[in-house]
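Encoded as structure tokens, the structure appears first; notes follow it.
We count ligands from 1, going down the list as the structure has it; atoms in each ligand are counted the same way.
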Amino acid sequence: MESETDIFYKELPKVELHAHLNGSVSVQTIEKVISRKPHLNIEQNMTAIGKGQRRTLDECFQVFKVIHQLVDSEEDILMVATDVIKEFAADGVKYLELRSTPREETKTGLTKKSYIETVIKAIQQCKIDGVDIDVRFLVAIDRRNGTEVAMETVKLAEEFMLSSDGLVVGLDLSGDPTVGHGKDLLPALQKAKNCGLKLSLHLSEVPTQQEETDLLLNLPPDRIGHGTFLHPEVGGSQSLVDKVRKNNIPLELCLTSNVKGQTVPSYSKHHFNYWYQLGHPSVICTDDKGVFSTDLSQEYQLAASTFGLSHEDVWKLSQQAIDCIFAPDDMIQQLKQKWVDMKPQVF
Ligand code: 6MZ
């Protein structure tokens, strides 16, 4: 049975800004995909990390490879994206920025272009079906694919930004942080910024990225994913923190992802506290709700119980996330009105 507290977090209107499409696939949807492809011999427990379990970050990246094997056609992507959007809506998310790395698969005829088109189709279909959520899309660059692919991805993202009725709003840089170097991707990221794409970059997800982070912060990005090792207490530096603060760059913070992926030793040691205490814009996100077996309500609840936030504090936190979205001002105003309309009389 759901307690009153659970209900508060479910009903809390929320903004989700850091969600990788293939990491967000639920058990139910994975089972549907598996049943279509029994020959792959993939079982559901190979695609998710359950309660209390931990993996190395490297093992997490192996999980994505399994999911990519399963989700490899337009039909799969349409189903997965539609289900993910509906699940976020059912969890009380009112605005979602979904991100995904376009892939091509010769055997199914999937191309990078049709990949993006299919995600857009899912977003449009959910709107037509009256699902209570606004969704935007960030095209992702997987850092391991290097300079040329990054440049191609930016070109595609730019094309879609101009042709998707405002649904494609930005670019994400993600992928295994121990592979590749941001300096090789800098020209592509600069080009993206110059053509008006918003940038959300995974920065300092592991401790060895100081130099890369320093370089990429000069762009500067519009938001930072994780930023786990930015601050001096964990081997970062005051100058990195100062750069982030000077440009007021919001952080996307994913508690369970970092704990299960073992880049953070426990919830209570999560860097949410550091940035929250500074009053720096910090947005609670899920990262990969399917792989890490979580949802956004649960992430807010965990942040609150770990760091002693009141319901009113939590409300403010979810409301402040609106200012960090990549969609233009009219969407910001609509969301702000929604929060006013939904605000409880008492907390
Ligand atoms: C970095 C991550 C990630 O793009 O196929 N991804 N990149 N750090 C993380 N922390 C755990 N979680 C997910 O979704 C899966 C892809 O998202 C990125 C990886 O590139 C992964 O392959 P899409 O929809």
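Taking a cutoff of 4.0 Å between a charged side-chain nitrogen and a carboxylate oxygen, R99 and E252 qualify as a salt bridge. Look at K14 and E16 and you find no salt bridge, because none of the NZ, NE, NH1 or NH2 atoms lies under 4.0 Å from a carboxylate O. Salt-bridge annotation for K289 and E299: absent, with no side-chain N of the basic residue lying under 4.0 Å from a carboxylate O of the acidic one. Salt bridge K94/D132: present, at least one basic N to carboxylate O contact under 4.0 Å.
The closest side-chain donor-acceptor pair between D91 and S297 falls under 3.5 angstrom.
Closest to atom 4 (O) of ligand 1 among all protein heavy atoms lies T101 OG1, 2.6 Å. Regarding atom 5 (O) of ligand 1, its nearest protein heavy-atom neighbour is H68 NE2, 2.6 Å. Counting only heavy atoms of the protein, atom 1 (C) of ligand 1 lies nearest to G175 O, 3.2 Å. Among all non-hydrogen protein atoms, the one lying nearest atom 10 (N) of ligand 1 is E205 OE2, 2.8 Å. The protein heavy-atom contact nearest to atom 11 (C) of ligand 1 is D287 OD2, 3.4 Å.
Listed by atom number, the atoms of ligand 1 under 4.0 Å from H202 heavy atoms are 1 (C), 7 (N), 8 (N). Within the listing of ligand 1, atoms 3 (C), 11 (C), 12 (N), 13 (C) sit less than 4.0 angstrom from a heavy atom of D288. Each of the following atoms of ligand 1 lies closer than 4.0 Å to a heavy atom of S100: 4 (O), 23 (P), 24 (O). Residue-ligand proximity, L21 to ligand 1, at heavy-atom distances under 4.0 Å covers atoms 24 (O).
For F272 and F307, the gap between ring centers is short of 6.0 Å. Taking the ring centroids of H231 and H280, they lie at or beyond the 6.0 Å cut-off.
For ligand 1, one of its N or O atoms has an N or O atom of H20 under 3.5 Å away. Not a single N or O atom of F64, backbone or side chain, sits closer than 3.5 Å to an N or O atom of ligand 1. Any N or O atom pair closer than 3.5 Å counts here, and N22 shares at least one such pair with ligand 1.
The OG1 atom of T111 sits 6.5 Å away from the CD atom of E117 when rounded to the nearest 0.5 Å.
Within the 4.0 Å heavy-atom shell around ligand 1 one does not find R143.
A donor-acceptor pair under 3.5 Å links the side-chain atoms of R143 to the main chain of V179, judged by distance alone.
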